[in-house]
Engineer: 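Got a structure for you, written out below as structure tokens; questions coming shortly.
Residue numbering restarts at 1 for every chain, and letters A, B, ... go by the order of the sequence lines. FYI, side chains are in, hydrogens and waters are out, and symmetry mates aren't considered; it's all heavy atoms of this structure.
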Amino acid sequence: MTAPWTAGEEPRVYPIARSGDLVHIRQAIRTLSQECRLSLVDQTKMITAASELARNTLIYGGGGTVRAGTVSRGGKRGVAAIFEDSGPGIPDVEQAMTDGWTSGGGLGLGLSGARRLVDDFDLNTVPGEGTVVTIIKWVR
Amino acid sequence: MSERIPILRIGDTLIVSVQFDLEDQTVLNLQEDLADQIVARSATGVIIDIGALEIVDSFVGRMLATVASISRVLDARTVVVGMRPAVAITLVELGLSLGGVSTALDLEKGLAKLNRAASSGLQ
């Protein structure tokens with residue numbers, strides 16, 4: 001995590017266990033993005049990135065959680081989401097970050113596309129242990 | 001049971017208006033229902049209105065492209081209408097340009113596009 005959670009505003013944890021959870025996560029990220037006053041385009045990008053990553057957590061990670069809340073750094077505010085699973089991990093991160101590469105029959109845009117939509121993107125994966133992806137969108 | 005989106009018909013055209021954020025299974029149901037309805041009702045055009053959608057991720061984007069392809073194979077034409085500007089920007093940045101998907105700014109322009117295509121005999 002490259003920025004601390006905003007003091008006094010605890011992040012909330014949402015389960016990613018079935019596809020219906022993606023709808024709730026998109027709603028939660030939308031609410032946070034609006035509270036944080038992200039621009040409409042930035043809200044749309046953040047929600048879309050979260051949707052891609054939550055689906056990855058579900059399909060490739062076998063489910064997990066997302067922690068979402070607001071963050072602060074140097075007087076700036078932003079929305080952060082941390083996707084965590086204890087799935088098989090990603091053996092070749094460079095390959096997984098390539099546009100169009102997929103191991104699961106998708107379009108292969110999830111990771112690479114999500115990275116383009118946000119300001120901060122951090123991926124930690126250990127084969128056999130799991131994957132943690134952190135994204136932040138800052139208010140301009 | 002997952003939800004199903006109603007498919008309306010006007011003449012030879014099927015119209016679907018997506019009014020709420022969709023679960024993945026609902027998206028897949030819509031894809032199948034549209035294929036069924038194109039054949040069952042001998043439709044030559046399909047309009048999918050996504051004006052109410054605040055985001056279109058790669059899953060929904062892929063459904064739109066797949067419906068366009070399926071309808072082409074079934075001798076019908078699909079037009080996606082009402083995409084919000086922020087959604088268009090996000091889709092392109094995500095890497096989905098929706099090549100092969102015909103679009104129009106609103107329902108009226110979408111219907112006009114289908115009528116033009118029908119009268120010129122182009123598919």
Engineer: What residue, out of A:K45, A:Q27, A:Q43, has the most heavy-atom pairs lying under 4.5 Å from chain B?
Structural biologist: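 The candidate making the most pairs under 4.5 Å is A:K45.
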Engineer: Using heavy-atom distances under 4.5 Å, tell me whether A:R115 contacts chain B through its side chain, its backbone, both, or neither.
Structural biologist: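 Contact with chain B is absent: no heavy atom of A:R115 under 4.5 Å.
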Engineer: Find the distance between CG (A:L117) and CD1 (B:I89) and round it off to the nearest 0.5 Å.
Structural biologist: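 The CD1 atom of B:I89 is 11.5 Å from CG of A:L117, to the nearest 0.5 Å.
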Engineer: Do A:S72 and A:R77 meet the criterion of a side-chain donor-acceptor pair at a distance under 3.5 Å?
Structural biologist: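 The criterion, which ignores hydrogens and geometry beyond distance, is not satisfied for A:R77 and A:S72.
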Engineer: Checking the side chain of A:T6 only, and the main-chain atoms of A:E9 only, is there a donor and an acceptor separated by less than 3.5 Å?
Structural biologist: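 No; zero donor-acceptor contacts below 3.5 Å.
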Engineer: Any donor-acceptor pair under 3.5 Å linking the side chain of A:T44 with the backbone of A:L40?
Structural biologist: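 The answer is yes, because a donor-acceptor pair under 3.5 Å joins these two groups.
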Engineer: With a 4.5 angstrom heavy-atom cut-off, is it the side chain or the backbone of B:L91 that approaches chain A, or both, or neither?
Structural biologist: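 No part of it gets close to chain A.
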Engineer: What residue in B:R84, B:E93, B:E23 has the most heavy-atom pairs under 4.5 Å with chain A?
Structural biologist: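 Ranked by heavy-atom pairs under 4.5 Å with chain A, first place is B:E93.
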